[in-house]
Q: 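Below are the structure tokens for one structure; questions will follow.
What you see below is based on every heavy atom in this structure, not just the backbone, and it leaves out hydrogens, waters and symmetry mates. We name chains A, B, ... by the order of the sequence lines, and we start the count at 1 in each one. What you are looking at is a predicted structure, and each value in this text was computed from that prediction instead of being measured.
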Number of protein chains: 2
Amino acid sequence: MEKKLFITFLKERGLRFTKERTVILQKSLSFNGHFDPESLYHQIRKTGLKASRASVYRTLNLLCECGLIERVRKTDRGTIYESSFGHKHHDHMLCIRCGSIIEFYSEPLEKIQEKVCKKHGFLGANHTLEIRGYCKTCQKKKK
Amino acid sequence: MEKKLFITFLKERGLRFTKERTVILQKSLSFNGHFDPESLYHQIRKTGLKASRASVYRTLNLLCECGLIERVRKTDRGTIYESSFGHKHHDHMLCIRCGSIIEFYSEPLEKIQEKVCKKHGFLGANHTLEIRGYCKTCQKKKK
DNA sequence: CCATAATTGATAATGAGTCTCAATAACAAG
DNA sequence: CTTGTTATTGAGACTCATTATCAATTATGG
Ligand SMILES: [Mn+2]
Ligand SMILES: [Mn+2]
Ligand SMILES: [Zn+2]
Ligand SMILES: [Zn+2]
């Protein structure tokens, strides 16, 4: 499925579907939620598979371009990705105390964004909304 | 005004209000819109003032902590800031073709975010919304 | 003015991500 | 299957933003 999509994408550009790219694609999708390149790389090594750090970075860029994964955000320690195939669009709440993440989707929110875009003559392609604050647990602990 | 705020913030923490910090504060506020540390640093040198790169980075962190400036986003080439004192909260549309930025504010959008937070038991403190797409000009050029 | 502790800045260090380039592998055509 | 062409790989060098070091300097309260 995802493989097909990736292969098509590669062919269209005269790129090749290599062992390394297969491994990186599969591992990327194997993460349930968010992941970073370094974890992915270690995951690969741990499993006895092989792909260099360079290939990991290169392939993640390709996977982003073809829409199979997305950059969620850039932290001080690098970029966070998540697979976007099968997972429908959502935004994030990030607890600034414990780092936990809540994924949410709000139809009204999306609709209003479209309206706002139209109002400014802007053609929106995609967006990122990150709400920072305190999760339920951390609110209690603060007291 | 902003100076007062900064001084208070520093005192509370046993930090000192130095010449360098004065300069960096003033220049930060002097930018009308978005800016990055390197530009700020050059701006300072150009004016004959003095403050090292290290101090620029250190002070920008302090200014963020006390809320006088905000990190807008991290690009491949570093962090973008903007002064948040006097400027009320807004979000951004970013043209992925020409890089131009539209600042906007939508009351309904904010309200719905609050609702969504409540629904998830999340205590929102702040947020960033970036809509990427094509500005008016670039839409025309695409055709 | 003095003592103390924070600050500065030159410079080294860190770390994510990219680039280089010789060796290797994918793949299309025969 | 064999071959030729060309993309890919990976080790390591490199870039560049940002932070850490640390000796010399300076702000600040008394
Ligand atoms: Mn997510
Ligand atoms: Mn802005
Ligand atoms: Zn939390
Ligand atoms: Zn544009």
Q: Do A:Glu70 and A:His89 pair up side chain to side chain, a donor and an acceptor below 3.5 Å, judged on atom types alone?
A: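 No donor-acceptor contact under 3.5 Å links the two side chains.
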Q: Using a cut-off of less than 4.0 Å, is there contact between a side-chain N or O of B:Thr79 and OP1 or OP2 of D:dT18?
A: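 Result: yes.
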Q: What distance do A:Leu63 atom CG and A:Ser84 atom OG have between them, rounded to the nearest 0.5 Å?
A: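 If we round to the nearest 0.5 Å, A:Leu63:CG and A:Ser84:OG are 9.0 Å apart.
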Q: Nearest 0.5 Å, please: how far is NE2 in B:His127 from CD in B:Glu110?
A: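 Result: 4.0 Å between the selected atoms.
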Q: Of all the choices, C:dG9, D:dA27, D:dT8, which nucleotide is nearest to the side chain of B:Lys50 once you look at every atom?
A: C:dG9
Q: What's the separation between atom CG in A:Leu25 and atom CD in A:Glu2, rounded to the nearest 0.5 Å?
A: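 The distance works out to 7.0 Å.
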Q: Within less than 4.0 Å of OP1 or OP2 of C:dA6, is there a side-chain N or O belonging to B:Thr18?
A: no
Q: Can you tell me the distance, in whole Å, between the CG atom of B:Leu15 and the P atom of C:dA5?
A: 15 Å
Q: Between atom CG in A:Leu10 and atom P in C:dA25, what is the gap in whole Å?
A: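 Distance check: A:Leu10 CG to C:dA25 P gives 19 Å.
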Q: Would you check if there is a donor-acceptor pair between the side chains of A:Thr47 and A:Lys27 at a distance under 3.5 Å?
A: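 A pair is found: one side chain offers a donor N or O, the other an acceptor, under 3.5 Å apart.
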Q: Whole Å only: how far is the CD1 atom of A:Ile7 from the C1' atom of C:dA28?
A: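 Checked: the CD1 to C1' distance equals 16 Å.
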Q: I'd like a list of close polar pairs between nucleotides 19-24 of chain D and the protein, N/O only, cut-off under 3.5 Å.
A:
none

Q: Would you please say whether a donor-acceptor pair under 3.5 Å links the side chains of A:Glu130 and A:His92?
A: no
Q: Rounding to a whole Å, what distance do you find between A:Lys11:NZ and D:dA7:C1'?
A: 14 Å
Q: Take atom CZ of A:Arg45 and atom P of D:dT9, then tell me their distance rounded to the nearest Å.
A: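 Checked: the CZ to P distance equals 15 Å.
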Q: Rounded to the nearest Å, what distance is computed from the CZ atom of residue B:Arg21 to the C1' atom of nucleotide D:dT26?
A: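 These atoms are roughly 12 Å apart.
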Q: Do any side-chain nitrogens or oxygens of B:Ser52 fall under 4.0 Å of OP1 or OP2 in C:dT8?
A: no
Q: Look at the side chain of B:Arg16 and the base of C:dA5, then say whether one donor and one acceptor between them are separated by less than 3.5 Å.
A: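 Looking at the base of C:dA5, it does pair with a donor or acceptor on the side chain of B:Arg16 (distance under 3.5 Å).
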Q: Whole-Å distance between D:dG10 P and A:Lys19 NZ?
A: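 My rounded result for the distance is 11 Å.
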Q: To the nearest 0.5 Å, what is the distance between NE2 (B:His90) and OG (B:Ser106)?
A: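 Going from NE2 on B:His90 over to OG on B:Ser106, the span is 14.0 Å.
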Q: What is the separation between atom CZ on B:Phe17 and atom P on D:dA27, rounded to the nearest whole Å?
A: 11 Å
